[in-house]
Enquirer: 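Here it is: the structure, laid out below.
A note on names: the letters A, B, ... follow the listed sequences, proteins ahead of strands, and every chain is numbered from 1.
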Amino acid sequence: MRHDFKQIEQKWQEKWEEAGIFHASDDYTKPKFYGLVEFPYPSGAGMHVGHIKAYSGLEVISRKRRMEGYNVLFPMGFDAYGLPTENYAIKTGIHPRIVTDNNIEKFTSQLKRVGFSFDWTKVIDTTDDKYYKWTQWIFRKMFNKGLVFRATTLVNYCPHCKVVLSNEDSQGGKCDICHSDIIQKSKDVWYLRITEYADKLLSGLEDVDYLPNVKLQQENWIGRSEGAFVNFALTNCDESLRIYTTRCDTMFGVTFMVIAPEHPVIQKYADRIKNFDELEAYKAECAKKTEFERTQLVKDKTGVKIDGIAAINPANGKEIPIYISDYVMMGYGTGAIMAVPAHDERDYDFAKKFGIDIIEVIKGGDISTEAYTGDGEMVNSDFLNGIATKKEAIEKMLAFLAEKGIGEKGVQYKMKDWAFNRQRYWGEPIPIIHCEKCGMVGVPYEELPLRLPNMENFAPGEGGESPLAKLDDWVNCTCPECGGKARRETDTMPQWAGSSWYFLRYIDAHNDSVFADPDKLKYWLPVDWYNGGMEHVTRHMIYSRFWHRFLYDIGEVPTAEPYAKRTAQGLILGPDGEKMSKSKGNVVDPNDVVDEYGADVLRVYILFMGDYASAAPWSDSSVKGCKRFIERVAGLADIAKGNGVTEKLESAFHKTIKKVSADIEDMKFNTAIAAMMSLINEIYDAGTLTVDELKTFITLLNPFAPHLTEEMWHTLGEKTFLSVEKWPEYDEAKTVDSVVEYGVQICGKFRGTISMPTGTDKDTAIAAVRADENFAKFFEGKETVKEIFVPNKLINIVVK
RNA sequence: GCGCCCGUGGCGGAAUUGGCAGACGCGCCGGAUUUAGGUUCCGGUGUCCUUGACGUGAAGGUUCAAGUCCUUUCGGGCGCACCA
């Protein structure tokens, strides 16, 4: 049979769509499988082969699940709000709505050409007002629950151009446009109180099946640490200075304190500080640095000693100086630390530079050369002296602090609240109204969606404000509470909003009265298997788990966690081994591959090229190997006339079914395909094949190469769709060979093999080796020390 | 800096998790078919002074047995909050 892929691929894609065989059904009596892949951002460049790889894994699994009798939901959609589209629109003058529609159309046609079994009746677009109505609705629910707030934060600002700049546009502390010094300016922005969910997001990880490194990255991101809050009394003030520490056991080694330059205590006691101007100058200097620089320049510590206020070490009552330094961040803990130079590297560097005392309180290092951060016996620590474990010392100190009423256990998270806004056009309008009398008021639910108004000029404002601010008609409104004059919020939501709940909408994509029907949610949730890139493990995954958990807490979804299982695919690198990018010109367009080789070859190659989870470079010549394989499969039709089933081939079939079935579940698609290649080699060697065996073979291959196998199925006279036929079963007994080859080792060295029936016992096997003349020379005149026998694998005889 | 992952032929990668390293594919070499190129088919292909020895970034260690476990070391990659 000739493989005319151009004709058959399109034909079957149309027939599948016409018959709707990949549509999820509403039959809730069937077991369900919800497979989810990360929906793409429809950029103008179109898809590259990396997208195809990202979807191919669950594509194969979803197809296998259908063949196993599951009701499968495998949807696709578009995450279409965001900057690239907007910037392209500004550049070309084409409205982002039109750009988005064109890109979605392009992506859709590319996806369809590859033959993915998505349920196209459930496609979603985050920029569709029927969709973002519910994005805004969830935001409103959060606002009601107090999870939305506004706060002031520091941004890069150019005082000359009067514009807020991104980190990229303010490198080296200079404005990219006018080259004047950038300062850090306070700006009012929206936040979602995700930190309130830190513990739930952490504990939720215990109940899900994520890849270990996915879990770990999320744990690190949340960054829970257990420690203590301690209040240090200040001289000359009636207030104390609160710090957070994880090492209260080293309290006797505290010889100074450090606070962030922005710490409010400086302003508060300005009149008692003798060098206030000096402190202010230092603070201004720090403000020029970006957050990035502050965390990177760890080597050279800077700071200024506060003159006029000191602190008292509560452990020993000694007076200690307070410094301001930018190595302490206002955003973590309390913005103030107790410094233990002997046992903390940063404090050590600072103490050395400023000539501050370094007191050893844990034995084990040499504090004259460096800080010692290991464990050891406590010294110079009064009631802690002699204690050898950190845990015990911490407990004793906590008890001491509790007794004095100046400290207690505490928990801190690295995760901060989620800055939730953009001063940009192409995003969901934030449904909040500012009323002079009532303050911030949510747009009423019945007025949602709050539609993004159409604009001719949607470039961002000069002062960094949203372009929506220019629309007076839209901005000016009445307050829903008091009916008075009010103004609409003009910020839009960030890129991550729409993708934080999209997996819920797929379940009931066209519902106008609720975001999804509760019965449907109950049946389909949780997502059984979510596959995507490692780059989304922290942001998107954390954000969407947070939204979902919130919806669970208010009774809107039936499960605490959205995703039962999470895996990740590796990148496809360019043929040069570099990450694919337009600028390097090494991007492979799936359309080109489909044109030349067909979708089946593209699919098989992408899954065969290497370990699914690892990065692998594209190779044009390796694609040809998969083309040969597909053509050899087509050629099977010509030899599948024999009726002589050989026992060896039968066994090979059962082994292959077993391996392919197991490998697909482990996402080891490369070895699954390799097993089918081996089988086809055996078939060609045998030169014979029954029609039933051919049917089994093409059924196994169908999830990988659905078009050719569907065509062959029908050529064999079948009228059904192979794509929803029954997945092959294997007979375990027939996967076991009757005779196995044992490896024979003498003294741990391989000396040959010996064939014996499967299941031979140790004594028989060892006797057989001893009787074999090939091994006799190794035993001559030697004494046996040990005999090792691994059933059906090897025999090792140690002699001396 | 902190955290995590990975180093196997000329190349992509296998190795039932401690049991015959290099499956499968690419590339290459030889042969057949072809007017020729391409295609297809058959055979070969880790290294070496080829009875045999050596080989999984390097060096040690544990073990009857190490790519796999432990220690040290070198090299590469990824993540670390308002760019998709």
Side-chain angles (χ1 to χ4, degrees), chain A residues 40-43 79 81-85 87 153 155 164 166-169 187 189-191 194 212-214 216-221 223 291 295-299 331 345-346 414-423 494-496 499 534-540 542-543 570-571 573 577 579 604-605 608-611 613-629 631-632 635 659 662 668 670-681 684 741-753 785-799:
Chain A
Y41 180 79
S43 68
D79 187 15
Y81 271 135
L83 279 173
T85 297
N87 288 340
T153 188
V155 295
V164 175
S166 69
N167 281 342
E168 288 71 27
D169 291 336
K187 195 169 177 352
V189 292
W190 290 96
Y191 281 97
I194 191 171
N213 55 335
V214 169
L216 197 67
Q217 255 190 49
Q218 294 205 356
E219 282 166 4
N220 290 343
W221 181 275
E291 185 91 358
T295 51
Q296 288 304 302
L297 296 169
V298 287
K299 292 270 178 268
E345 285 168 27
R346 295 155 301 180
K414 274 191 207 147
M415 185 170 72
K416 292 184 190 170
D417 281 320
W418 175 6
F420 195 79
N421 58 290
R422 293 277 157 79
Q423 292 73 42
Q495 165 68 25
W496 310 102
S499 60
M534 283 305 292
E535 69 275 18
H536 290 131
V537 161
T538 42
R539 279 166 296 183
H540 160 64
I542 298 261
Y543 294 155
L571 292 175
L573 305 173
K579 203 167 165 177
V604 169
Y605 174 61
F608 180 66
M609 61 195 294
D611 174 24
S614 305
W618 183 269
S619 160
D620 284 317
S621 59
S622 288
V623 179
K624 287 183 203 149
C626 293
K627 173 177 172 270
R628 283 182 200 134
F629 170 62
E631 278 170 358
R632 275 159 74 81
K659 177 147 183 69
K668 290 162 83 174
N670 53 339
T671 51
I673 293 166
M676 287 186 279
M677 286 175 169
S678 291
L679 179 59
I680 207 169
N681 290 345
Y684 273 98
E741 256 196 359
Y742 277 77
V744 178
Q745 289 183 331
I746 312 296
C747 295
K749 273 209 177 308
F750 275 91
R751 295 298 180 184
T753 60
V785 178
K786 206 169 185 178
E787 289 166 334
I788 287 127
F789 175 76
V790 182
N792 300 327
K793 286 218 173 73
L794 97 162
I795 297 144
N796 184 10
I797 299 173
V798 184
V799 294

Enquirer: Indicate syn or anti for B/G75, taking the glycosidic torsion and treating anything within 90° of 0 as syn.
Expert: anti
Enquirer: State the syn/anti category of B/U17 according to its glycosidic angle, syn meaning within 90° of 0.
Expert: syn
Enquirer: So what does A/Ser678 hit on the nucleic acid, given a heavy-atom distance under 4.0 Å: a base, only sugar-phosphate, or nothing?
Expert: sugar-phosphate
Enquirer: Across the strands shown, which category fits A/Ile788 at heavy-atom distances under 4.0 angstrom: base, sugar-phosphate, nothing?
Expert: base
Enquirer: Give me the distance, rounded to whole Å, that separates B/C69 from B/C82 when you measure between the P atoms they each carry.
Expert: 37 Å
Enquirer: How about CZ on A/Arg632, more than 12 heavy atoms from neighbouring residues, nucleotides or ligands closer than 6.0 Å, or not?
Expert: yes
Enquirer: Any chance you could lay out the ring-ring contact (aromatic ring centres under 6.0 Å, His included) test for A/Phe420 and A/Trp496, step after step, and finish with the verdict?
Expert: CA-CA 9 Å; A/Phe420 195 79; A/Trp496 310 102; over 10 Å; no
Enquirer: For the side chain of A/Gln745, counting heavy atoms from C-beta on, which of B/G19, B/C83, B/C26 is nearest?
Expert: B/G19
Enquirer: Work out how far the P atom of B/A53 is from that of B/G57, and round it to whole angstrom.
Expert: 23 Å
Enquirer: Among B/A14, B/G12, B/C20, find the nucleotide with the atom closest to the side chain of A/Phe750.
Expert: B/C20
Enquirer: Taking all heavy atoms of A/Gly577 and all of A/Pro617, pick out the closest pair and write down the distance.
Expert: CA-CB, 4.2 Å
Enquirer: Please check this pair: side chain of A/Gln218 against backbone of A/Val537, looking for a donor-acceptor N/O pair closer than 3.5 Å.
Expert: yes
Enquirer: Rounding to an integer number of Å, can you tell me how far A/Ile746 CD1 sits from B/C20 C1'?
Expert: 13 Å
Enquirer: Across the strands shown, which category fits A/Asn796 at heavy-atom distances under 4.0 angstrom: base, sugar-phosphate, nothing?
Expert: base
Enquirer: How far, in whole Å, is B/U56 from B/C20 if one measures between their C1' atoms?
Expert: 15 Å
Enquirer: What contact category does A/Glu787 fall into here, base, sugar-phosphate, or nothing, at under 4.0 angstrom with non-hydrogen atoms?
Expert: nothing
Enquirer: Report the nucleotide, chosen from B/C4, B/C26, B/A23, that has the shortest atom-to-atom distance to any side-chain atom of A/Ala674.
Expert: B/A23
Enquirer: Does the side chain of A/Arg628 get closer than 4.0 angstrom to OP1 or OP2 of B/G25 through an N or O atom?
Expert: no
Enquirer: Does A/Arg632 reach a base, just sugar-phosphate, or nothing at all? Heavy atoms under 4.0 Å.
Expert: sugar-phosphate
Enquirer: Checking all strands, does A/Gln495 fall into the base, sugar-phosphate, or nothing category for heavy-atom contacts under 4.0 angstrom?
Expert: sugar-phosphate
Enquirer: Report which part of the nucleic acid A/Met676 touches: base, sugar-phosphate, or nothing (heavy-atom distance under 4.0 Å, all strands).
Expert: nothing
Enquirer: What is the separation between atom CZ on A/Arg346 and atom C1' on B/C2, rounded to the nearest whole Å?
Expert: 10 Å
Enquirer: Going by heavy atoms in the side chains, are A/Tyr605 and A/Lys627 under 4.5 Å from each other?
Expert: no
Enquirer: Mind telling me whether B/U50 is syn or anti, cutoff 90° either side of 0?
Expert: syn
Enquirer: Of the candidate nucleotides B/C24, B/C20, B/A15, which contains the atom at the shortest distance from the side chain of A/Asn681?
Expert: B/C24
Enquirer: Using a cut-off of strictly less than 4.0 Å, decide whether A/Asn670 has a side-chain nitrogen or oxygen near OP1 or OP2 of B/A14.
Expert: yes
Enquirer: Between A/Arg539 (CZ) and B/C82 (P), how many Å, whole number?
Expert: 8 Å
Enquirer: Select base, sugar-phosphate, or nothing to describe what A/Met677 touches, counting heavy atoms under 4.0 Å on all strands.
Expert: sugar-phosphate
Enquirer: Examine distances only and state if a side-chain atom of A/Asp79 and a backbone atom of A/Pro40 form a donor-acceptor pair shorter than 3.5 Å.
Expert: no
Enquirer: Want to settle it: does A/Glu345 or A/Asp611 sit nearer the 5' end of RNA chain B, counting the closest nucleotide to each?
Expert: A/Glu345
Enquirer: Side-chain contact test, heavy atoms from C-beta onward, threshold under 4.5 Å: evaluate it for A/Tyr41 versus A/Thr85 and give yes or no.
Expert: yes
Enquirer: What about A/Gln217: does its side chain form a donor-acceptor pair under 3.5 Å with the base of B/G3?
Expert: no
Enquirer: In whole Å, measure the gap between the P atoms of B/A36 and B/U45 for me.
Expert: 29 Å
Enquirer: Between B/U8 and B/A66, how many Å separate the two C1' atoms, rounded to a whole number?
Expert: 14 Å
Enquirer: With a cut-off of less than 4.0 Å, is there a side-chain N or O of A/Lys793 near OP1 or OP2 of B/G19?
Expert: no
Enquirer: Mind calculating the distance between CD1 (A/Ile680) and P (B/U40) to the nearest angstrom?
Expert: 13 Å
Enquirer: Which one, B/C82, B/G27, B/A84, comes nearest to the side chain of A/Asn421?
Expert: B/C82
Enquirer: Identify every side-chain donor-acceptor pair in residues 786-793 of chain A under 3.5 Å, counting partners at least two apart or on other chains, and give the distances.
Expert:
residue: A/Glu787; atom: OE2; partner: A/Arg770; partner atom: NH2; Å: 2.8
residue: A/Asn792; atom: OD1; partner: A/Gly759; partner atom: N; Å: 2.9

Enquirer: Have a look at A/Asp79 and say if it touches a base, only the backbone sugar-phosphate, or nothing, with a 4.0 Å heavy-atom cut-off.
Expert: nothing
Enquirer: Please measure how far the C1' atom in B/G27 lies from the corresponding atom in B/G9, and state the result in whole Å.
Expert: 12 Å
Enquirer: If the condition is side chain to side chain contact (heavy atoms under 4.5 Å, CB included), which residues does A/Lys668 pass it with, not counting sequence neighbours?
Expert: A/Asp663, A/Asp666, A/Asn670, A/Thr671
Enquirer: Answer with base, sugar-phosphate or nothing: what part of the nucleic acid does A/Trp418 contact at a heavy-atom distance below 4.0 Å?
Expert: nothing
Enquirer: Mind checking A/Tyr41 for me? I need base, sugar-phosphate or nothing, with any heavy atom below 4.0 Å counting as a touch.
Expert: sugar-phosphate
Enquirer: Quick one: label A/Pro84 by what it contacts on the DNA or RNA (base, sugar-phosphate, nothing), any heavy atom closer than 4.0 Å.
Expert: sugar-phosphate
Enquirer: Please report the distance, rounded to the nearest Å, between CZ in A/Phe608 and P in B/A23.
Expert: 11 Å
Enquirer: Please report, rounded to the nearest Å, how far the C1' atom of B/G13 is from the OH atom of A/Tyr605.
Expert: 11 Å
Enquirer: In this structure, are over 12 heavy atoms from other groups packed under 6.0 Å from A/Glu345 atom CD?
Expert: no
Enquirer: Toss me the dot-bracket line for RNA chain B: Watson-Crick and G-U wobble, both under 3.5 Å, 5' to 3', using | for pairs to another strand and [ ] for crossers.
Expert: (((((((..(((......[....)))((((((.......))))))(((...)))..(((((..]....))))))))))))....
Enquirer: Quickly work out the A/Met609 CE to B/C26 C1' distance and round it to whole Å.
Expert: 12 Å
Enquirer: Quantified in whole Å, what is the P atom distance between nucleotide B/C28 and nucleotide B/U35?
Expert: 24 Å
Enquirer: Under 4.0 Å, heavy atoms only, any strand: does A/Lys668 hit a base, just the sugar-phosphate, or nothing?
Expert: sugar-phosphate
Enquirer: Between C1' on B/C11 and CG on A/Leu573, what's the gap in Å once rounded to a whole number?
Expert: 14 Å
Enquirer: Does a donor on one side chain and an acceptor on the other come within less than 3.5 Å for A/Tyr543 and A/Ser499?
Expert: no
Enquirer: Considering only atom P, compute the distance from B/U62 to B/C11 and round it to an integer number of Å.
Expert: 33 Å
Enquirer: How about A/Gln495 and A/Arg422: do any of their side-chain heavy atoms sit closer than 4.5 Å?
Expert: yes
Enquirer: A/Arg422 near the nucleic acid: base, sugar-phosphate alone, or nothing, with a heavy-atom cut-off under 4.0 Å?
Expert: sugar-phosphate
Enquirer: Nearest-nucleotide wise, let me know which of A/Ala675 and A/Val798 is further upstream toward the 5' end of RNA chain B.
Expert: A/Ala675
